[in-house]
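One-based numbering, in listed order, for ligands and for the atoms of each.
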Amino acid sequence: MFDVKKVRQDFPVLQRQVYGKPLVYLDNAATSQKPNSVIQALVEYYEGYNANVHRGVHALSMEATDRYEEARAKVARFIGAPEPETIIWTRNTTEGMNLIANAWAPDNIGPGDEIVVTRMEHHSNLVPWQKLVQERGAVLRFLPLAADGDLDLEDVDTIINPRTKLLSIVHMSNSIGTITPVKELAAKARAVGAAVAVDGAQSVPHMPVNVTDLDCDFLAFSGHKMLGPTGIGALYVKRDVLERMEPFLRGGEMVLEVTYESASWNDLPMRFEAGTPNIADSIALGAAVDYLEGLGMENVRQHERQMTRYALDAFKELEEVDVFGPDDADRRGGIIPFHHPEVHPHDLGTALDRQGIAIRTGHHCTMPLMGELGVTATGRASFYVYNSEDEIDLLVDGVREALRYFTHGPG
Ligand code: 7TS
């Protein structure tokens, strides 16, 4: 296990104060903070070898290309992808999902076909499919939730059936923390000949994820939630699926030969990376992967499981506060959504902010799920490698004080 105090020293922003109080950053599901090594990787690129990739014969361009492709190989290894060519750089998870919906789905989903998602999807794994099923005359089906926030799998064998062409499923819910049984569901999807896409936005940063073991066709995730910069993410696509996919964006870099009338496509993965890519941020994401591997992903998961268990217990002391999601830290990630019937989450969030405690409040881009929970918004604390149990104590004390103020007034 790693030493949280030592880890904290690697993150410059954690040294700052907010309203005269030490920052307690508990909004990691929205975006994580960045260690020195990631910030340094950006500076080193711009100061030392800034150049375009895959098109220069000069030293800087070759150096940039080597570092950029090294980062791709690191990301591939991190998620157990068999080869770097199966990793396509994207901006984020949202772009990854839209790439699948635009470059794979139109050729593979037709009238009457079914796409299965869950009732806890982030909008980025719901809204693209709504458009696609409308355009293709297909049907969107939902795996329901049980009362405790786990998936209700009683009717799974009717919902995933021979008409299913795609199972697209969140691995860890950003709103209620639920970890879904992706491997088991992927096996069911495969058995009926469906493809499998995984929204790894919350799982890849927080637990070991291996695409070969999951046997999925697609896995999308974002660099900024795993200690990397904003504006860079990745989409893993199984090689034989990728080879049969049409390009998403068209232009420079993704072509082999071009005439005035037509074009042929470059090798993988460049075929899916039109235009100048996000070089600096890809390289810095490689540094984030190095950092996480240094800690060990089993240790990251273990730390957050411990924090989650502690937080679930601590929140039980707060009267009238509901915490959503499974009550078992083994079945959820470090995401604690909470709600009081009389106090709006935004008021709670603002009161906590005054104590230097950053949480997110709102619908967390899962508006339909909020309806299932019977609320319009929640407060949400979410943990990462630099958070401690002391910070959970500060959070729970802060919530208790704010609730006292809002339900009884000052004094
Ligand atoms: N899927 C899940 C499960 C997510 O948590 C998020 C972002 C996305 C997809 C989209 O990721 P993006 O990088 O493309 O934006 N979730 C959140 C959140 O919970 N608060 O802010 C962003």
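For Phe315, the ring pair (Phe, Tyr, Trp, His ring centres under 6.0 Å) partners two or more places apart in sequence, or in a different chain, are Phe338.
In terms of heavy atoms, Thr407 sits closest to Glu342 at CG2-OE1, 3.9 Å.
Proximity of Arg380 to ligand 1 is established by a heavy-atom distance of less than 4.0 Å. In this structure, Lys225 counts as a contact residue of ligand 1, since one of its heavy atoms falls inside 4.0 Å of the ligand.
In Ala30, the parts holding a heavy atom less than 4.0 Å from any atom of ligand 1 are both the side chain and the backbone. Proximity of Arg91 to ligand 1, defined as any heavy-atom pair under 4.0 Å, is not found for any part of the residue. At a heavy-atom distance under 4.0 Å, only side-chain atoms of Arg360, from C-beta outward, approach ligand 1.
Looking at ligand 1, you won't find any N or O of His364 less than 3.5 Å from one of its N or O atoms.
Using a 4.0 Å cut-off to heavy atoms of Ser124, the atoms of ligand 1 that qualify are 1 (N), 8 (C), 9 (C), 10 (C). Residue contact check: Val170 has heavy atoms under 4.0 Å from atoms 3 (C) of ligand 1. Which parts of ligand 1 touch His224 is read off a 4.0 Å heavy-atom cut-off, strictly below it: atoms 13 (O).
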Name each donor-acceptor pair under 3.5 Å that joins a side chain in residues 230-239 to protein atoms two or more places apart or in another chain, with its distance.
| residue | atom | partner | partner atom | Å |
| --- | --- | --- | --- | --- |
| Lys238 | NZ | Asp215 | OD1 | 2.8 |
| Arg239 | NE | Glu243 | OE2 | 3.1 |
| Arg239 | NH1 | Glu83 | OE1 | 3.3 |
| Arg239 | NH1 | Glu83 | OE2 | 3.3 |

